[in-house]
Participant: 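Sharing a structure below in structure tokens format, with a few things to ask.
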Amino acid sequence: MTDQQQGAGDAAAGSGGAKDFIRQIIEEDLAAGRHETVVTRFPPEPNGYLHIGHAKSICLNFGVAEEYGGRCHLRMDDTNPIREEEEYVEAIRRDVRWLGFDWGEHYYHAADYFEQLYEYAVMLVRRGLAYVDSQGQDEIRAQRGTPTEPGVESPYRNRPVAENLDLFERMRAGEFPDGAHVLRAKIDMAHPNILMRDPVLYRIRHVAHHRTGDAWCIYPMYDFTHCLSDAIERVTHSLCTLEFENNRAIYDWVLDNLPVPARPRQIEFARLNLTYTVLSKRKLMRLVEEGHVAGWDDPRMPTLCGLRRRGCPPAAIRAFCDRVGVAKRNSIVDVGLLEHAVRDELNRTSPRVMAVLDPLKVVIENYPEDLVEEFDCVNNPEDPGAGTRRVPFSRELWIEREDFREDPPRKFFRLAPGREVRLRYAYLITCREVVKDDAGRVVELRCTYDPATRGGDAPDGRKVRGTLHWVSVPHAVDAEVRLYDRLFSVPHPEEDRERDFVELLNPDSLRVLERCKVEPLLAGAGPGERYQFERKGYFCVDPETESAGRPIFNRTVTLRDSWARIEARMRS
RNA sequence: UGGGGAGUCGUCCAAUGGUAGGACAUGCGGCUCUGGACCGUAGAAUCGGGGUUCGAAUCCCUGCUCCCCAGCCA
């Protein structure tokens, strides 16, 4: 029930067996002999936790590498010491492994290339293709122009090479304060692509780096670092999201102007968006910092650690990413698709168990006081190899409060006064009397059972429509159950122009049930174990169980509930 | 009024000049000791306008809408 980290060789294509455009490009490149092997990379910046959107990229990069017999590198894109922290790099490695992927020996940090990057920068200076600009940030910004007006050249743009070399060297040596100078590429201040208007390549930052410590006080920018890191690692296909389309011009310019060992190609695809959640780092950060959720691994978070704690199996995430496909169109995937992938996986793999979330006592008046029977229950009807277990049954039982209606509506097949239902695996019982407290609340049901129906079938062939789950009162184990629902109450929380997204949070995204009764087997349940609570949903043991003294279960997702749909429709 | 991208069922993805197909969702039916799962079935789309062609989602022209870009972030 816990996950083995094994390769994720799922189907190559999500829909209809067709290859996505990236795989088509790769196949063409391979067929044309442009590469002998495929090398991709997943390059997170260690300044936040990985989420389901990253999973799409991870599955794509590791997936194509696996399919075409190549390899995929894990590379920390750590060029900005101000934002990045060691805490995140460990979390990222853990999450990628948990998802089921293996980078083998190919674990890298952009920071490990700082020396080579510096040498490349010097080469650019020598070639007259980069210069030290001594203006402040505001001047540089003002000179950049706008989308419709060209920029203005810096007065330092034509500094002699020797002077640039000297200054750049002294930048590295720490002679200047932050912001005193930057190294810029000398491209074209009138370029229609603003990113090509002499982009900054290096900035001074007297800040310790999580990996290189105090070795550097100048740090390279993304546009200079990423393409060269790819080239150094001999990446063949550098897959990134759509917002980097404009950056491809610099990517190519840098590689075209430097003697690089390989010529990677950047290809952009649409990032994943999901309904009823947010996936931007900034917004996820706010949810955590403002306390709207309990942390990065809150089971409502779309982070991989959140999904893990929620009980979502990595195989389900992989299957989901497969079905989502890869294209260039901005899109928002229905979270129902994720839920479907989760149910699909869990249905096949999780053991069934009986748990009563909102207990109502049933006393079987004609059942012997001291008798305890045990019934063989199927662990997983989808998996005959999962076997059976024995569950104790006695005169007093817990059933689900919502499985009884004093005044049953049409199509309600469950228990009601005078009505007969089946207790799963056990007996048919009939409700004889409803006991209420002074407030009129139903507190107990007095029932009778038919001894001839042992096992759940009537010898006379009479049919019952309803089957209820139950837990024997004297054998029940107390448990806490946390019912998680969608984090937001609207499908597109980011699209609302009037209201801040935190105002759209679903107030019922978490309901804690303290007095649940579960079958005895679950007394020893360990963190991470996943179960189906029959008729209720899929649940996963929370890590806090270990210190709580009783099991705590997180609801991963409900079972599809057609009765709830019928009832909702009858109401409207 | 710059440059770079994208528009196909409710949603996501296919169809690469030759019957617009799949998945999820939804409706209906079947089966069922989980109102689960499963099985069957139905409805549902090519952004608009021109053109080329025997034939256009696909090629051409034109219009419209949406996304990205003016960090010393990635």
Side-chain angles (χ1 to χ4, degrees), chain A residues 13-21 24 43-45 47 77-80 82-84 133 136-137 140-142 144-151 178-179 181-184 191-197 199-205 219 221-223 225-226 240-249 268 270 272 275 281 323-341 343-344 347-348 352 354 378 381-382 411-414 422-426 428 455-457 464-469 491 532-537 558-567:
Chain A
S15 323
K19 294 269 193 288
D20 59 68
F21 79 101
Q24 286 176 32
E45 183 188 15
N47 72 339
D77 212 348
D78 49 0
T79 59
N80 186 350
I82 291 173
R83 300 166 21 129
E84 295 146 10
D133 194 338
Q137 205 168 149
I140 290 178
R141 195 198 328 274
R144 191 145 26 219
T146 69
T148 50
E149 302 161 289
D178 288 7
H181 308 277
V182 289
L183 184 74
R184 288 230 257 172
H191 202 288
N193 179 347
I194 296 174
L195 291 176
M196 292 293 271
R197 321 239 258 230
V200 172
L201 267 23
Y202 270 88
R203 75 285 215 187
I204 300 172
R205 281 230 216 289
Y219 292 95
M221 300 286 289
Y222 167 85
D223 283 316
T225 308
H226 205 95
C240 64
T241 44
L242 250 30
E243 64 270 27
F244 291 98
E245 279 175 322
N246 297 320
N247 300 251
R248 192 174 63 238
E268 312 86 11
L272 175 71
T275 57
K281 267 183 197 174
R323 290 193 176 204
V324 154
V326 180
K328 297 196 73 158
R329 173 156 48 141
N330 285 312
S331 60
I332 306 176
V333 175
D334 188 339
V335 73
L337 187 59
L338 207 215
E339 292 168 351
H340 172 263
R343 288 193 186 101
D344 192 43
N347 176 50
R348 285 198 308 265
R352 273 60 171 172
M354 290 195 284
V378 175
E382 306 294 318
K411 293 183 182 173
F412 183 86
F413 303 147
R414 282 112 94 145
R422 173 185 297 109
L423 291 179
R424 180 108 158 121
Y425 298 116
L428 302 188
D457 284 307
V464 291
R465 288 297 297 268
T467 299
L468 312 188
H469 60 280
Q532 184 197 100
F533 289 178
E534 291 215 28
R535 306 206 305 132
K536 300 308 296 181
T558 61
L559 250 26
R560 289 190 66 190
D561 188 346
S562 46
W563 163 242
R565 280 207 298 273
I566 291 167
E567 201 182 20

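By convention in this document, chain letters (A, B, ...) are assigned in the order of the sequence lines, proteins followed by strands, and residues within each chain are numbered from 1.
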Participant: How many whole angstroms separate atom CG of A:Asn330 from atom P of B:rC47?
Facilitator: 16 Å
Participant: A:Thr241 side chain to A:Glu243 main-chain N or O, any donor-acceptor pair under 3.5 Å?
Facilitator: no
Participant: Is a side-chain donor or acceptor of A:Asn193 paired with a backbone partner of A:Asn246 at a separation under 3.5 angstrom?
Facilitator: yes
Participant: How close or far is atom C1' of B:rG71 from atom CD of A:Glu243, stated in whole angstroms?
Facilitator: 15 Å
Participant: Just by distance, no angles: are the side chains of A:Asp77 and A:His226 close enough, under 3.5 Å, to form a donor-acceptor pair?
Facilitator: yes
Participant: Taking only the side-chain heavy atoms of A:Leu242 (C-beta and beyond), determine which of B:rA70, B:rA14, B:rG5 contains the nearest atom.
Facilitator: B:rG5
Participant: Hey, can you tell me if A:Phe244 and A:Tyr222 have their rings parallel, tilted or perpendicular (30° and 60° cut-offs)?
Facilitator: tilted
Participant: Donor-acceptor check, side chain of A:Arg343 to backbone of A:Thr558, threshold 3.5 angstrom: yes or no?
Facilitator: yes
Participant: Answer with base, sugar-phosphate or nothing: what part of the nucleic acid does A:Val200 contact at a heavy-atom distance below 4.0 Å?
Facilitator: sugar-phosphate
Participant: Which is true for A:Met221 with a 4.0 Å heavy-atom rule: it touches a base, it touches only sugar-phosphate, or it touches nothing?
Facilitator: sugar-phosphate
Participant: A:Phe413 has an atom CZ; how far is it from atom C1' of B:rG35, in whole Å?
Facilitator: 7 Å
Participant: The side chain of A:Val324 is closest to which nucleotide in this list: B:rC12, B:rG3, B:rC72?
Facilitator: B:rC12
Participant: Show the nearest heavy-atom pair for residues A:Arg184 and A:Arg197, with the distance to one decimal.
Facilitator: NH1-O, 3.6 Å
Participant: Measure from the side-chain heavy atoms of A:Glu534 and tell me the nearest of B:rC24, B:rA70, B:rU34.
Facilitator: B:rU34
Participant: When you check the phosphate oxygens OP1 and OP2 of B:rG35, does a side-chain N or O of A:Arg535 lie under 4.0 Å from one of them?
Facilitator: yes
Participant: Which part of the nucleic acid does A:Asn246 contact within heavy-atom distance under 4.0 Å: base, sugar-phosphate only, or nothing?
Facilitator: base
Participant: Classify the nucleic acid contact of A:Arg197 as base, sugar-phosphate or nothing, counting any heavy atom under 4.0 Å across all strands shown.
Facilitator: nothing
Participant: Please name the pair of heavy atoms, one in A:Val378 and one in A:Arg352, separated by the smallest distance, quoted to 0.1 Å.
Facilitator: O-CB, 4.1 Å
Participant: Could you work out the separation of B:rU19 and B:rA57 based on their C1' atoms and round it to a whole Å?
Facilitator: 14 Å
Participant: For the pair made of CG in A:Asp457 and P in B:rU34, what is the distance, rounded to whole Å?
Facilitator: 11 Å
Participant: When all nucleic acid strands are considered with a 4.0 Å heavy-atom cut-off, which category describes A:Arg83: base, sugar-phosphate, or nothing?
Facilitator: base
Participant: Between B:rG5 and B:rG21, how many Å separate the two P atoms, rounded to a whole number?
Facilitator: 32 Å
Participant: Using the P atom as the reference point in each nucleotide, state the distance between B:rG36 and B:rC28 in Å, no decimals.
Facilitator: 13 Å
Participant: Would you tell me if any nitrogen or oxygen in the side chain of A:His469 comes within less than 4.0 Å of OP1 or OP2 on B:rU34?
Facilitator: no
Participant: Any side-chain N or O of A:Arg560 below 4.0 angstrom from OP1/OP2 of B:rC38?
Facilitator: no
Participant: Nearest to the side chain of A:Thr148 - B:rA14, B:rG2, B:rG10?
Facilitator: B:rG2
Participant: Just to be sure I understand the rule, does A:Ile204 reach a base, reach only the sugar-phosphate, or reach nothing, if contact means heavy atoms closer than 4.0 Å?
Facilitator: nothing
Participant: Tell me what A:Glu268 touches on the nucleic acid: a base, only sugar-phosphate, or nothing, going by heavy atoms under 4.0 Å.
Facilitator: nothing
Participant: Under 4.0 Å, heavy atoms only, any strand: does A:Gly151 hit a base, just the sugar-phosphate, or nothing?
Facilitator: nothing
Participant: Just N and O in the side chain of A:Gln24: are any of them under 4.0 Å from OP1 or OP2 of B:rA15?
Facilitator: yes
Participant: Describe the nucleic acid contact of A:Asn47 in one word from base, sugar-phosphate, nothing, applying a heavy-atom distance below 4.0 Å.
Facilitator: nothing
Participant: Does A:Arg248 place a side-chain N or O at less than 4.0 Å from the phosphate oxygens OP1/OP2 of B:rG5?
Facilitator: yes
Participant: Is there a side-chain contact between A:Arg323 and the phosphate of B:rU11, meaning an N or O under 4.0 Å from OP1 or OP2?
Facilitator: no
Participant: Would you call A:Glu534 and A:Tyr425 a side-chain contact if the rule is heavy atoms closer than 4.5 Å?
Facilitator: yes
Participant: Strictly distance-based, threshold 3.5 Å: is any side-chain N or O of A:Arg535 a donor or acceptor partner for the main-chain N or O of A:Thr467?
Facilitator: yes
Participant: Does the base of B:rG36 carry an N or O that pairs as donor and acceptor with the side chain of A:Glu382 under 3.5 Å?
Facilitator: yes
Participant: For B:rU16 and B:rC59, measure between their C1' atoms and round to the nearest Å.
Facilitator: 12 Å
Participant: Using a 4.0 Å heavy-atom cut-off, does A:Arg424 contact any base of the nucleic acid, only the sugar-phosphate backbone, or nothing at all?
Facilitator: base
Participant: Describe the nucleic acid contact of A:Ser331 in one word from base, sugar-phosphate, nothing, applying a heavy-atom distance below 4.0 Å.
Facilitator: sugar-phosphate
Participant: With rounding to the closest Å, how many angstrom separate the P atoms on B:rU11 and B:rA44?
Facilitator: 16 Å
Participant: If only side-chain N and O atoms of A:Arg184 are considered, is one of them under 4.0 Å from the OP1 or OP2 phosphate oxygen of B:rC72?
Facilitator: no
Participant: Where does B:rG71 land, syn or anti, once you apply the within-90°-of-0 test for syn?
Facilitator: syn
Participant: Between A:Glu84 (side chain) and A:Asn80 (backbone), is there a donor-acceptor pair under 3.5 Å?
Facilitator: yes
Participant: Just the dot-bracket of RNA chain B, please: which string comes out with Watson-Crick or G-U pairs under 3.5 Å, [ ] for crossing, | for another strand?
Facilitator: .((((((..((((....[..)))).(((((.......)))))....(((((..]....))))))))))).....
Participant: Which part of the nucleic acid does A:Tyr202 contact within heavy-atom distance under 4.0 Å: base, sugar-phosphate only, or nothing?
Facilitator: nothing
Participant: What nucleotide among B:rG35, B:rC69, B:rG3 has an atom nearest to a side-chain atom of A:Lys411?
Facilitator: B:rG35
Participant: Take the protein atom NE2 of A:His340 and the nucleotide atom P of B:rG22, then report the distance between them rounded to whole Å.
Facilitator: 16 Å
Participant: Rounded to whole Å, how long is the line connecting atom OH of A:Tyr222 with atom C1' of B:rA74?
Facilitator: 7 Å
Participant: From CD of A:Gln532 over to P of B:rC38, roughly how many Å is that when rounded to an integer?
Facilitator: 12 Å
Participant: Taking the six-membered ring where the residue is Trp, are the ring centres of A:Trp563 and A:Phe412 under 6.0 Å apart?
Facilitator: yes
Participant: Please check the phosphate of B:rG71 (OP1 and OP2 only) for any side-chain N or O of A:Arg141 closer than 4.0 Å.
Facilitator: yes
Participant: Would the base of B:rG35 count as contacting A:Arg414 through its side chain, where contact means a donor and an acceptor less than 3.5 Å apart?
Facilitator: yes
Participant: Using the P atom on both, measure B:rC38 against B:rC24 and round to a whole Å.
Facilitator: 9 Å
Participant: Rounding to an integer number of Å, can you tell me how far A:Asn247 CG sits from B:rG71 P?
Facilitator: 13 Å
Participant: Pick base, sugar-phosphate or nothing for A:Val464, based on heavy-atom distances below 4.0 Å to the nucleic acid.
Facilitator: nothing
Participant: Under 4.0 Å, counting only non-hydrogen atoms across every strand here, what does A:Thr79 touch: a base, just sugar-phosphate, or nothing?
Facilitator: sugar-phosphate
Participant: Kindly give the heavy-atom pair with the smallest separation between A:Glu245 and A:Lys328, and that separation in Å.
Facilitator: OE2-NZ, 3.1 Å
Participant: For A:Asn80 and for A:Val326, find the nucleotide of RNA chain B with the closest heavy atom, then tell me which residue's nucleotide is more 5'.
Facilitator: A:Val326
Participant: A:Pro192 has a side chain; which of B:rU34, B:rG3, B:rG27 sits nearest to it?
Facilitator: B:rG3
Participant: If each of A:Ile140 and A:Asn193 is mapped to the nucleotide of RNA chain B with the nearest heavy atom, which maps nearer the 5' terminus, i.e. the 5' end?
Facilitator: A:Asn193
